[in-house]
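See structure below.
So that the names make sense, note that chain A is the first sequence line, chain B the second, and so on, each numbered from 1.
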Amino acid sequence: MMDKVTNIEEIKKSVTAGKTIMIGGFLNVGAPEKLVDMLIEKDMKDLTIITNDTSFPGKGPAKLIERKMVKKLICTHIGTNPETGRQLNAGEIEVEFNPQGTFVERIRSAGAGLGGFLTPTGVGTLVAQGKQIISVGDRDYILELPLKADIALIKAWKADRMGNLVYRRSARNFTPLMAMAAELVIVEAENIVETGSLDPDEVMTPSILVDMIIPGGYENE
Amino acid sequence: MMDKVTNIEEIKKSVTAGKTIMIGGFLNVGAPEKLVDMLIEKDMKDLTIITNDTSFPGKGPAKLIERKMVKKLICTHIGTNPETGRQLNAGEIEVEFNPQGTFVERIRSAGAGLGGFLTPTGVGTLVAQGKQIISVGDRDYILELPLKADIALIKAWKADRMGNLVYRRSARNFTPLMAMAAELVIVEAENIVETGSLDPDEVMTPSILVDMIIPGGYENE
Amino acid sequence: MSDARAVIAKRVARMFKDGDIVNLGIGLPTAVANYLPEGINLVIHSENGVTMMGPKPLEGDEDKDVIDAGGRPSTILPGGACFDSAMSFAIIRGGHVDATVLGALQVDKNGNLANWMVPGKVVPGMGGAMDLVVGAKKVIIAMEHSTKNGEFKILKECTLPLTAVAEVDWIVTELGLMEITKEGIIVRELAPGITPEEIQAKTEAGLIFPENIAIME
Amino acid sequence: MSDARAVIAKRVARMFKDGDIVNLGIGLPTAVANYLPEGINLVIHSENGVTMMGPKPLEGDEDKDVIDAGGRPSTILPGGACFDSAMSFAIIRGGHVDATVLGALQVDKNGNLANWMVPGKVVPGMGGAMDLVVGAKKVIIAMEHSTKNGEFKILKECTLPLTAVAEVDWIVTELGLMEITKEGIIVRELAPGITPEEIQAKTEAGLIFPENIAIME
């Protein structure tokens, strides 16, 4: 049986090609703290980070911002992290804002092999600038394009050794979609269980989307 | 606390306006047998039925075909039901075939308030006829439009009284998407449990998408 | 919470019927849940993937995996469900939410809303607001009538970058309850002691005053 | 199963590496699972929403909620997961399936495939085939080389309505193993005793015979 559980050193070796990285979590709930630290230890630079928000100061993806590791941020909201706002206003970072529904749907679209989707969200606003408007029936829609990454860093509540994942409560948020949309999907799991111990209906991300797993997460800190 | 559990007579009264009906199930697994019978008892005619296949003779949606209740069928496959094929070849029924991934994504698109999506599936085939082709990067995509219904008839394994639903194994198939894409969502539940007894992470369709519930399904027959 | 904000939250709380599915924005809108009349239970949808979101937990009872859309510890009531963000915004955009209550920097007489950025100053981002405003069946703006500096917030035309075009249905401020219609902004209720002249003086957009204007409770 | 079909299933079964994610079509392709070499375990994806789909259950052990994509009772092995059809086809279209094995009515030298309808005769519908062929990283056609009436199935150009354009990578028949490339159809293996002349005589499209052609085991 496949065993995708490994250690942080192996993961450091694997995170080489590509600098576009998705990081799960909504205001740090569901964020893979240990995998973020791995990026810091590798001292990576000029990253493009795709994450909903930049968390709170000192937590999760915020640590990458604070260390000036991020060249471009694709997100929906930065209001909880003043340093991100400061870097934006000072021209030190490029920030692309997406409406949150558009953000997650773009990620899903990449993972699902679609070429994009039509959304009413953002029509008549700055979000529509430079994008194709397509009318269906009597309504205008923005054509939004897929958003994919080289690497997804995500957290699960439970993972079996084969890579089936279960999330808990509002920590699920963007993670199941990011797990579909990156070349290399790395999981930090609060609990690692034997393959076969999860009920097939309980699984939220099937193993075939997952590449590597390390133990981690809040409960192991 | 809201209680959406009712009886078949109340449901018969509610199924009046609109004749476009989605029916869950893949080769009858996950099909709401009792709710199909309800349509037969009401002797409805000229229905537009949206369902993946037309099951096997004498089962689920096949019963509507056999009674000539269906004017138009929107589906992906009818190979398991010779009578549907006979009616198609005899010009007695209109059948619109969709690739299965397109079929379910169109339903999701309607439920998710999107105006459509771009798929590579069907490019260069009959499926593309009459549809807009949009190029993104170096690839052509078909613009597929949302597919919605007046009524969705679906089956769940467990429902709480408020309408949170859990499906089991491969009986899940199209149902969670259909529950998003119809004005009136009616559930036949194998097991009805008290509100609060389901774990929030176990729920596959949140209560807010569900309108009415009756006990039914295989286990109650 | 200031008196003004409590007045607003109380009035918004009476705009729902039992069982309504409602998304409450961060800040003042969240306070609405504290003032619901007896017998009115809402199904609170939180865009980070929860239905039946409850009140904040008692100290010591926090669950690290349960927060509201503002990042504060929260709870999930019986009948609640969790789902991913794609499903959460499918619910929002798909018209499955009866009402959303949001704050605003500016609203105008055409129902346009601006609440996500002040160019060159504060650019927090739109988060889920653009989807909520486009997708919810009813959009209620809950805000103080003017800025702290006394500037207009209810305008003829928004000057800040828009969140959405022509989507706002109601505005509730400490001065009154206003409905946005094709004819313009109609004042439906006035706070006790507030005259039409007073509310108009604090509003750039011309207000419509019908014959019967109730007193806002 | 006929000898020809067993030969085909056996050869296809040796085209995978351990851990490959594979979707097997109805009929002959399903039989491939019975011939996997020792040490090769596949993750079988079934489009009705299952990974790690297993063999058919023993009589009496059927689960009413577990079927394969052909509607027959099936099983789910340890490590399996269930999901809805939107997720299932996201997996397919999104390139998360390593290979799909399908039957065909016709294949042509450009990798076009026809397997979903014969106009005016049989119109079963495409089911999941169009998505599978477009989405899977490797498309393997497993079929008998000619029709029952001896008509060509491997053509210069398909005459039936297409399932997909230029997506087929491999064809396995009882006569040989063929790879579809930009140059045309290259014969990589021939069944024992089959000569280049014999396979070409049963194939409308011109075949390319490289110097080294292995014997198909």
Side-chain angles (χ1 to χ4, degrees), chain B residues 24-30 52-56 75-81 84-85 88-89 95-105 107-109 111-112 119-128 140 157 167-178 180 190 204-205 217-219, chain D residues 26-27 46-50 53 63-76 80-95 110 112-114 116-117 119-135 158 160-167:
Chain B
F26 181 106
L27 295 177
N28 222 54
V29 169
N52 180 61
D53 49 76
T54 47
S55 188
F56 300 104
C75 66
T76 84
H77 195 271
I78 59 170
T80 55
N81 190 338
T84 313
L88 170 60
N89 284 343
V95 179
E96 178 195 309
F97 288 107
N98 289 254
Q100 202 167 128
T102 298
F103 176 78
V104 69
E105 195 69 19
I107 295 169
R108 179 182 182 275
S109 203
T119 181
T121 304
V123 171
T125 77
L126 288 180
V127 166
D140 286 345
W157 177 47
Y167 313 103
R168 191 172 168 278
R169 304 297 190 250
S170 62
R172 191 177 334 180
N173 55 69
F174 303 91
T175 305
L177 297 313
M178 291 180 173
M180 298 166 66
E190 292 178 23
M204 297 171 186
T205 290
Y218 180 99
E219 295 184 3
Chain D
I26 299 163
S46 185
E47 63 261 38
N48 54 330
V50 179
M53 183 153 271
D63 180 330
K64 72 179 174 58
D65 291 333
V66 182
I67 57 167
D68 66 18
R72 295 172 315 177
S74 191
T75 53
I76 301 173
C82 297
F83 33 83
D84 67 40
S85 301
M87 180 65 168
S88 190
F89 281 87
I91 287 170
I92 290 170
R93 242 186 353 247
N110 297 310
N112 297 332
L113 169 68
W116 74 280
M117 73 177 289
K121 288 188 178 171
V122 193
V123 188
M126 69 292 282
M130 285 192 179
D131 295 284
L132 278 163
V133 174
V134 167
C158 290
L160 292 172
L162 295 183
T163 302
V165 175
E167 295 285 359

Quiz prompt | Least distance between heavy atoms, Met130(D) atom then Pro99(B) atom | solution = SD-CG, 3.7 Å
Quiz item: Counting heavy-atom pairs under 4.5 Å to chain B, which of Glu47(D), Arg93(D), Met87(D), Lys121(D) comes out on top?
Solution: Arg93(D)
Practice problem: Would you give the length of the straight line joining atom OG of Ser74(D) to atom CZ of Arg169(B), rounded to the nearest 0.5 angstrom? | Solution: 12.0 Å
Practice problem: Return the minimal non-hydrogen interatomic distance between Thr121(B) and Val134(D), and the atom names on each side. | Solution: CA-CG2, 4.1 Å
Quiz prompt | For chain D, the option from Ile107(B), Ile78(B), Asn89(B), Thr175(B) that forms the most heavy-atom pairs under 4.5 Å | solution = Ile78(B)
Practice problem: Please tell me if the side chains of Thr119(B) and Phe89(D) come closer than 4.5 Å, counting only heavy atoms from C-beta onward. | Solution: no
Practice problem: Heavy atoms only: give me the nearest Ser170(B)-Asp65(D) pair and the separation to one decimal. | Solution: OG-O, 2.6 Å
Quiz item: Do Met126(D) and Val127(B) come within less than 4.5 Å of each other through their side chains, counting heavy atoms only?
Solution: yes
Self-check item: Atom pair CZ/OG of Phe103(B) and Ser85(D) - distance to nearest 0.5 Å
Solution: 9.0 Å
Quiz prompt | Best-contacting candidate, Ile92(D), Asp68(D), Leu162(D), against chain B by heavy atom pairs under 4.5 angstrom | solution = Leu162(D)
Quiz item: At their closest point, which heavy atom of Phe97(B) faces which heavy atom of Pro124(D), and how far apart are they?
Solution: CE2-O, 3.7 Å
Practice problem: Please look at Leu88(B) and chain D and tell me whether the side chain, the backbone, both or neither of the residue comes under 4.5 angstrom of a heavy atom of that chain. | Solution: side chain
Quiz item: Side chain, backbone, both or neither: which part of Ala90(D) has an atom under 4.5 Å from a heavy atom of chain B?
Solution: neither
Quiz item: If you count heavy-atom pairs under 4.5 Å between each of Asp53(B), Leu126(B), Val123(B) and chain D, which one has the most?
Solution: Leu126(B)
Exercise. Answer whether the closest heavy-atom distance between the side chains of Glu190(B) and Lys64(D) falls below 4.5 Å.
Key: yes
Quiz prompt | Engaged part of Asn81(B) at the chain D interface, taking heavy atoms whose separation is under 4.5 Å | solution = neither
Self-check item: Engaged part of Pro120(B) at the chain D interface, taking heavy atoms whose separation is under 4.5 Å
Solution: both
Quiz prompt | Under 4.5 Å from any heavy atom of chain D - which part of Thr80(B) | solution = neither
Quiz item: At a heavy-atom separation under 4.5 Å, does Ile76(D) approach chain B through its side chain, its backbone, both, or neither?
Solution: side chain
Quiz prompt | Stepwise side chain to side chain contact (heavy atoms under 4.5 Å, CB included) check, Asp63(D) with Arg168(B) | solution = CA-CA 11 Å; Asp63(D) 180 330; Arg168(B) 191 172 168 278; 2.6 Å; yes
Quiz item: Which of these passes side chain to side chain contact (heavy atoms under 4.5 Å, CB included) with Asp84(D): Leu177(B), Asn173(B), Thr205(B)?
Solution: Leu177(B)
Quiz prompt | Heavy-atom contact with chain B under 4.5 Å, split by part of Val123(D) | solution = both
Exercise. Can you tell which part of Thr163(D) gets under 4.5 Å to a heavy atom of chain B, answering side chain, backbone, both or neither?
Key: backbone
Practice problem: Name the option with the most non-hydrogen atom pairs under 4.5 Å to chain D; the candidates are Gly101(B), Cys75(B), Gly79(B). | Solution: Gly101(B)
Exercise. Give, as side chain, backbone, both or neither, the part of Ala86(D) having an atom under 4.5 angstrom from any heavy atom of chain B.
Key: both
Quiz item: At a heavy-atom separation under 4.5 Å, does Met117(D) approach chain B through its side chain, its backbone, both, or neither?
Solution: side chain
Quiz item: Pick from Val122(D), Val66(D), Val50(D), Val133(D): which one has the most heavy-atom pairs with chain B under 4.5 Å?
Solution: Val66(D)
